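One structure is given here, and the rest of the page talks about it.
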Amino acid sequence: METSPARDLEFEGPASPVRRRNRVKLLALREDIPRSVYLLAGTGFIAAVLVAWSIATYGGYISDLFLPTPTAIIDEGVRQYERGILVQDARASIYRIVVGWFIATLCAVPIGVLMGNFKLIEGLLEPFIDLVRYMPVVALVPLTILWAGIGDEQKFLILFIGTFFQEVLLIMDNVKTVPHDLIRVGYTLGLSRFEILRDIILPASLPGVWDTFRITLGWTWTYLVVAELVAARDGLGRRIMEAQRYLATEQIIFGIIFIGFLGLVTDYFFKITGTYLFKWTKER
Amino acid sequence: MEQSKVAVRRLSHWFGTPRSGLMVLDDVSLSLAQNEFVSVVGTSGCGKSTLLNIIAGLIDPVAGDVLVDGGPVTGPGRDRGVVFQTYTLFPWMPVRKNVEFALKKSGFTKKEKQALVAHYIETVGLKGFENAYPNQLSGGMRQRVAIARALVYNPAVLLMDEPFGALDAQTRGMMQELLLRVWEEHRITVMFITHDVDEAIFMSDRVLVMTARPGKIKQEFAVDLPRPRRYEIMTSPEFVALKHAIVETIREETLKSMALVNGGMLPGAGG
Ligand SMILES: Nc1ncnc2c1ncn2[C@@H]1O[C@H](COP(=O)(O)OP(=O)(O)OP(=O)(O)O)[C@@H](O)[C@H]1O
Ligand SMILES: [Mg+2]
């Protein structure tokens, strides 16, 4: 007996897997999507913002005072570059960022590692760190001037305060994510506590620590304007504060975008070096 | 009587303070003879891992003591190798380095170490994977590396905490046969924790069943099946009868612990 449902089934059998394979699930939970789509989405969004900005400004819907045109911003960048201001500012700021972040990191890593491993030290320091962590850094500017003067040391100090107290807690958490059983393996192999710390806990927490470096360097960038708020002759943050006085909006926006750009570059530096250094963390 | 390899005497342990704490082990005594393969089974949370960690020297018991070769255990030591339930390979090291790490504290020369490492990697059937990283290995392969790492420094006692718990049935069967082969070859004393009764009987000379928390040894079953054992043995009448008896014993305890949780609402508790 020949029934049509049977024939339908036979016909649909091979057809449906083909259709399934072609269906790209862009919104599947935590699934990978094609790389091209991923990149297109990111660049597309930035392009969309640029288009909206262009329409609003070239179309004359928004006054130059509030939002200059994209070309005005580019012109401002070219002007600063040609007059040598841009390089001078960038050099001064990058120097402060690097030194401030480096000192903060140099302190945060050993202290964070100790806090993550020894409950006593965590108990000793965490309440204090939590307290300082919530103090507004801007409000500390006058004090830092009192303590460190008006030179670069004061900028380092602001960047240090803004970075260290967050970073040390993140490092502590990185260390704590090392599974307890890995530490126990060390004990069963007869290692001393110091050897376990050096040969197991540190390497195991390194990928997380590297990511903390990436995140905290980003935060250091966000404190740049605060650091250069007072008594700075040059610097990208300083330029923005100065522009505010003259209502030079294109200068402000250019400065913001440029800082954002530099931050992005450092971010990608850690991201790329991280995926290269820690290939072993990727689960197939 | 011959001195036992490992002896646990009147061991009690609780976490937290005696008053508000959680009693986990209550007066546990057991012993493992030289070269004996003993399994410990019991309901989840009855204190099996705690018992193993105490024998390994990773936890200080509140009362009682553990003797190895008649001497008291005061901490972890290289006379006892441990394979944990979780994957504990160092992910930043390739297989060879993972195994070699266990020889850090040994007096061997570089050459001797390499030879030992190569031998044990081959023993667990991972020749050719020396340079693979753990993230490139399947779960079964990872546990085999962990076993190689626990054997390479030649401990007299091997303590295993549900080492195959996370593996699928097929892989598990292969790992059991592999472990038995290794054990028959090296003749070490093994304490093997599992909640798989088939696995316990198949591998062991004796199976100890623990009570629900606080754990004690409820009953002991000798497994008088001939060795070397093949997988077919699991359908033999002796095996099936033994399994029935052990499962019944564990079931009583499971019901008891559930009845406790449910405030005695469950019927059939205690049996
Ligand atoms: N460090 C600890 N602090 C407090 N309680 C603990 C600690 N370790 C274990 N426990 C508790 O002790 C009890 C026994 O734990 P244990 O891990 O020994 O059980 P188990 O028999 O190995 O269970 P499973 O079969 O699930 O692995 C559990 O109730 C557990 O919650
Ligand atoms: Mg357990």
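Proteins come first, then strands; the chains are lettered A, B, ... in the order of their sequence lines, and each starts at number 1. Predicted model, so just to flag it, every value in this text is computed and none were measured.
Among the candidates B/Pro94, B/Pro91, B/Ala146, the residue making the largest number of heavy-atom pairs closer than 4.5 Å to chain A is B/Pro91. Between chain A and the residues B/Tyr133, B/Trp92, B/Tyr153, B/Phe90, the most heavy-atom pairs under 4.5 angstrom are made by B/Trp92.
A 6.0 Å sphere centred on CG of A/Leu39 holds more than 12 heavy atoms belonging to other residues, nucleotides or ligands. Heavy-atom neighbours of B/Lys113 NZ from other residues, nucleotides or ligands within 6.0 Å: above the threshold of 12. Within a 6.0 Å sphere centred on CZ of A/Arg214, other residues, nucleotides and ligands contribute more than 12 heavy atoms. Crowding of A/Arg91 atom CZ: a count of heavy atoms from other residues, nucleotides or ligands under 6.0 Å not exceeding 12. Other residues, nucleotides and ligands contribute more than 12 heavy atoms inside 6.0 Å of the CZ atom of B/Arg187. Within 6.0 Å of CE on B/Met23 lie more than 12 heavy atoms contributed by other residues, nucleotides or ligands. Within a 6.0 Å sphere centred on CZ of A/Arg133, heavy atoms belonging to other residues, nucleotides or ligands number more than 12. For CZ of B/Phe15, the number of neighbouring non-hydrogen atoms (other residues, nucleotides, ligands) closer than 6.0 Å is greater than 12.
In this structure, the portions of A/Pro203 lying under 4.5 Å from any heavy atom of chain B include both its backbone and its side chain. For a residue to count as touching a neighbouring chain, one of its non-hydrogen atoms must lie under 4.5 Å from one of that chain's; by this rule A/Ile200 touches chain B with backbone and side chain alike. In this structure, chain A has a heavy atom under 4.5 Å from the backbone of B/Leu89, while its side chain stays farther away. Using a 4.5 Å cut-off between heavy atoms, B/Arg78 contacts chain A through both its backbone and its side chain.
The minimum heavy-atom distance between A/Leu189 and B/Ala102, with the atom names listed, is CD2-CB, 3.7 Å.
Proximity of A/Leu191 to B/Phe101: side-chain heavy atoms (C-beta onward) are separated by under 4.5 Å at one or more points.
Of residues 48-59 of chain B, those residues with a non-hydrogen atom less than 4.5 Å from any non-hydrogen atom of chain A are, in numerical order, B/Asn53, B/Leu58, B/Ile59.
In summary, A/Glu195 and B/Lys105 engage in a salt bridge, as defined by a charged side-chain N under 4.0 Å from a carboxylate O.
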